[in-house]
Amino acid sequence: MTVAERQSKAQILEVKLQKHLQAAGFKNLPLYISCDFRDESLTVVGEHPRSLVLKAKPTFAVLEAAILEIEPESIQQIGLCLKITGQKQPYAFHSFTMHHPVLSRPKTVEIFKKPEIPAAETGIVLAANPADTEDVAEDLPLETDVENTGGDEYFPNFSDSSSNSEPIAFKVAATSANIGDNPFDALDMEPAVTVAQTPKHSPFAMLAAVGMVSIAAVILAGGYYLLSRPCVIGECTALANAKQLSDNSVKTLKTSKVASSPEEAQEQLKQAIALLEPIPSWSIHRGEAQSALEKYQQQSQNLNSAIDAARLARSAGEKTQNPAYSAETGKEAQSLWQSAIAQLGEIPTDSPVYPFAKRKSQEYRKNLASGNKQLSTEKQAEKTLIEAKSTAQLAEAREAVAQTAETWEQVQAGWEKSLAILSEIPSSTQSYQQGKLLVPKYETKLSQARERKNVEGISENAYTQAVTLAAEARIFEGKNGWFKASENWRRALGYAEQVPTATSYSQKAKPLIDSYTNSLREAEVRLQEERRLQKARTDLDKTCKGKPKICNYTVSKGLIAVQVTPDYVQKLQQTFIQANNNNSVKTRQAVEKHVETLQKALEAIGDNAKIPMQVYDGDGKRIASHEPN
């Protein structure tokens with residue numbers, strides 16, 4: 001718990017305890033409560049002026065019951081004490097735990113200083129003369145007589161003791177002067193040993209003389225004391241001065257613009273009360289002083305409410321002084337504003353403090369309304385931030401399993417949506433500062449997702465093209481369209497090689513590269529064969545052309561079969577016979593040369609095609625054969 005949180009928690013508890021005390025009958029009594037938290041322990045100090053006499057047991061009982069009802073969070077050990085204003089040490093202690101109230105244990109002790117024991121030894125300061133405060137004690141709405149009923153607690157009542165009885169003195173063992181370090185365990189207190197003094201016997205005459213002198217001294221001292229008290233003789237200036245201080249207190253509240261004006265007014269009022277408290281009951285101004293004192297004490301109570309409200313308001317303002325704060329801090333501030341307004345609401349309308357309280361209440365309500373608006377904005381901003389983070393988490397989950405361009409597109413859309421949600425957070429909220437730290441990370445993730453989507457798109461497209469072209473190549477192969485087949489295999493191989501590495505299709509494309517390379521090589525071989533066959537056919541067309549047609553042919557991968565036509569054979573025979581009949585050498589030589597040329601042409605065709613050739617006559621008998629070189 002931070003110091004600011006501890007102070008805020010203590011202030012709220014002080015207000016609640018003060019309410020419980022007022023409800024229990026302490027409403028018009030100047031008893032001021034202060035609290036302090038230390039780890040799992042709570043210290044509550046009740047401070048009051050010397051003029052007020054309180055019984056420890058009923059006072060502690062009210063405080064213990066109030067604390068048990070409030071149930072402060074994370075508190076186990078509670079220590080209570082009562083002290084007189086201006087004194088350093090408390091005069092009564094009490095402690096208990098939340099689960100084990102100890103009013104039944106001997107832990108509550110009232111300690112009064114015995115004249116024979118020095119203050120330095122006991123650590124306890126004497127209370128005021130009980131006789132001076134008897135009237136105030138009668139007005140206290142609590143039990144004033146504590147009887148020892150056989151219980152575990154004992155509260156000595158020294159005011160009822162006879163003058164001849166020796167009062168019980170208590171020594172506090174290991175009691176620190178620092179109230180925050182005192183464990184308030186009355187078990188640590190043990191009765192101090194009092195030594196009875198043995199009276200000395202003297203003659204009767206001497207005793208009588210001493211008695212007369214003592215009586216005279218007592219009468220003189222008593223008369224002097226009675227007449228020397230304030231407002232007993234002459235004009236009572238204390239009343240006028242107290243009224244002036246009270247008026248100044250009201251004026252301070254009206255005119256002062258500083259935040260500490262309630263404290264200044266309270267200080268002036270305390271001075272007024274201090275002037276009236278010493279006026280004794282035998283003063284003729286006692287009635288007027290008592291009436292003014294009660295009025296000022298009530299006014300002081302109202303000022304305490306205003307001071308408490310101002311303290312709560314300061315704590316609320318400190319929590320929200322920077323606009324960017326969490327919703328939790330905003331809730332704490334709103335609770336403080338509400339407590340401050342509630343404190344001011346307890347001030348009666350007829351009180352001089354009321355105009356100040358009304359003005360401050362209006363101011364606090366404006367701050368509360370503004371805080372509610374900012375709190376609403378902060379809550380909505382927190383929801384928006386949570387939504388952005390959830391969207392980013394979904395994008396990260398998709399990113400872990402994304403492979404295809406489609407899934408990476410979903411990842412990209414997730415990061416884009418998350419950044420768009422962050423941009424909706426108002427800049428005046430704490431969530432905006434938190435979201436601002438997330439923007440660079442989300443933008444980097446978005447860039448990576450966009451790039452990966454593009455790469456996967458390229459990979460998928462290249463793979464698809466490669467597979468499609470390979471399928472077309474196989475179709476052409478089935479039709480012996482080796483030119484188209486080889487062309488498609490070449491393109492399919494190029495696309496397969498374009499698939500980027502480290503993508504979802506790279507592992508699929510890798511084996512295709514080797515397969516497509518072999519298919520392309522085979523297609524090109526078949527294409528060359530096809531081209532040679534085609535050339536052979538073309539050359540045979542030219543060679544066999546004539547009138548009459550010289551030959552017919554068939555071309556296959558393993559054999560070129562050429563058959564001379566009967567018409568061509570008949571014409572050769574007729575021409576050769578006619579040349580012999582006419583004894584035409586030239587004609588016979590021309591026929592022989594023609595046949596030789598035809599033979600060379602056919603052999604050349606077989607060599608170029610690298611295919612064996614067989615020549616048949618018109619009757620189908622093989623007349624020649626040729627193996628390519």
Side-chain angles (χ1 to χ4, degrees), residues 7-37 42-56 58-64 66-67 70 78-94 125 127-128 133 136-137 139-142 179-180 182 184 246 249 253 260-274 276-277 293-315 339-340 342-344 346-347 351 353 357:
Q7 292 176 348
S8 173
K9 190 174 180 181
Q11 292 170 0
I12 294 176
L13 181 58
E14 290 169 4
V15 172
K16 293 180 178 179
L17 290 177
Q18 203 76 47
K19 290 180 179 179
H20 278 77
L21 286 173
Q22 292 176 2
F26 288 78
K27 187 171 184 180
N28 297 320
L29 297 178
L31 176 61
Y32 311 113
I33 299 299
S34 60
C35 302
D36 186 28
F37 288 92
L42 167 66
T43 303
V44 180
V45 179
E47 182 177 346
H48 62 86
R50 187 180 300 275
S51 61
L52 176 62
V53 176
L54 294 177
K55 290 294 183 178
T59 304
F60 286 150
V62 172
L63 289 174
E64 180 177 302
I67 293 172
I70 296 170
I78 298 94
L80 310 177
C81 68
L82 295 174
K83 67 185 291 287
I84 296 174
T85 303
Q87 297 295 333
K88 294 182 178 180
Q89 298 294 335
Y91 63 83
F93 297 108
H94 176 60
V125 181
T133 57
V136 178
D139 296 334
L140 182 63
L142 300 174
I179 194 67
N182 198 312
F184 303 109
S246 175
S249 174
L253 287 177
S260 60
S261 57
E263 286 83 352
E264 295 179 8
Q266 178 71 297
E267 185 61 31
Q268 292 167 335
L269 204 57
K270 283 183 178 180
Q271 294 177 14
I273 293 173
L276 299 181
E277 284 180 339
L293 185 60
E294 292 176 357
K295 175 183 176 182
Y296 297 163
Q297 286 174 342
Q298 179 60 46
Q299 188 173 334
S300 177
Q301 280 293 110
N302 296 335
L303 272 175
N304 282 337
S305 297
I307 292 171
D308 290 340
R311 188 165 61 240
L312 293 169
R314 281 196 298 270
S315 297
S339 298
Q343 279 291 101
L344 295 176
E346 296 179 358
I347 299 175
S351 171
V353 186

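We count residues from 1, following the sequence as given.
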Practice item. For Glu346, enumerate each residue passing the salt bridge (charged side-chain N to carboxylate O under 4.0 Å, His left out) test, keeping only those at least two apart in sequence or located in another chain. Key: Lys19
Practice item. Run the numbers on Lys270 and Glu47 for salt bridge (Lys or Arg N to Asp or Glu O under 4.0 Å), then give the verdict. Key: CA-CA 14 Å; Lys270 283 183 178 180; Glu47 182 177 346; over 6 Å; no
Interatomic spacing from [atom1] in [X] to [atom2] in [Y] - rounded to 0.5 Å:
| X | Y | atom1 | atom2 | answer |
| --- | --- | --- | --- | --- |
| Lys9 | Asp36 | NZ | CG | 11.5 Å |
| Leu13 | Gln18 | CG | CD | 11.0 Å |
| Gln268 | Glu263 | CD | CD | 12.0 Å |
| Ile12 | Ser339 | CD1 | OG | 4.5 Å |
| Glu14 | Ser34 | CD | OG | 6.0 Å |
| Leu276 | Lys295 | CG | NZ | 11.5 Å |

Any side-chain heavy atom of [X] sitting closer than 4.5 Å to one from [Y]?
| X | Y | result |
| --- | --- | --- |
| Pro90 | Leu82 | no |
| Leu303 | Ser249 | yes |
| Glu277 | Arg50 | no |
| Tyr296 | Pro30 | no |

Exercise for review: Go through Tyr32 and Gln301 one step at a time and tell me if the side-chain contact (heavy atoms from CB on, under 4.5 Å) criterion holds.
Suggested key: CA-CA 9 Å; Tyr32 311 113; Gln301 280 293 110; 3.6 Å; yes
Closest heavy-atom contact between [X] and [Y]?
| X | Y | result |
| --- | --- | --- |
| Ile347 | Asn302 | CD1-O, 3.5 Å |
| Ala92 | Ala56 | CB-CB, 4.0 Å |
| Thr85 | Pro49 | OG1-N, 3.6 Å |
| Val353 | Ala306 | CG1-CB, 4.2 Å |
| Ala66 | Leu17 | CB-CD2, 3.7 Å |
| Ile273 | Ser300 | CD1-CB, 4.1 Å |

Practice item. Starting from the C-alpha separation in whole Å, work towards a yes-or-no answer on side-chain contact (heavy atoms from CB on, under 4.5 Å) for Leu21 and Leu63. Key: CA-CA 7 Å; Leu21 286 173; Leu63 289 174; 3.9 Å; yes
Check your understanding: Going by atom types alone, do Gln299 and Ser351 pair a side-chain donor with an acceptor below 3.5 Å?
Key ->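 The criterion, which ignores hydrogens and geometry beyond distance, is not satisfied for Ser351 and Gln299.
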Review point. side-chain contact (heavy atoms from CB on, under 4.5 Å) between Ile307 and Arg311: does it pass, once the steps are laid out?
Key: CA-CA 6 Å; Ile307 292 171; Arg311 188 165 61 240; 4.0 Å; yes
Exercise for review: Could you please spell out the steps behind the side-chain contact (heavy atoms from CB on, under 4.5 Å) verdict for Cys35 and Thr43?
Suggested key: CA-CA 6 Å; Cys35 302; Thr43 303; over 6 Å; no
Practice item. Only counting residues at least two apart or in another chain, list the ones meeting ring pair (Phe, Tyr, Trp, His ring centres under 6.0 Å) with His48. Key: Tyr91
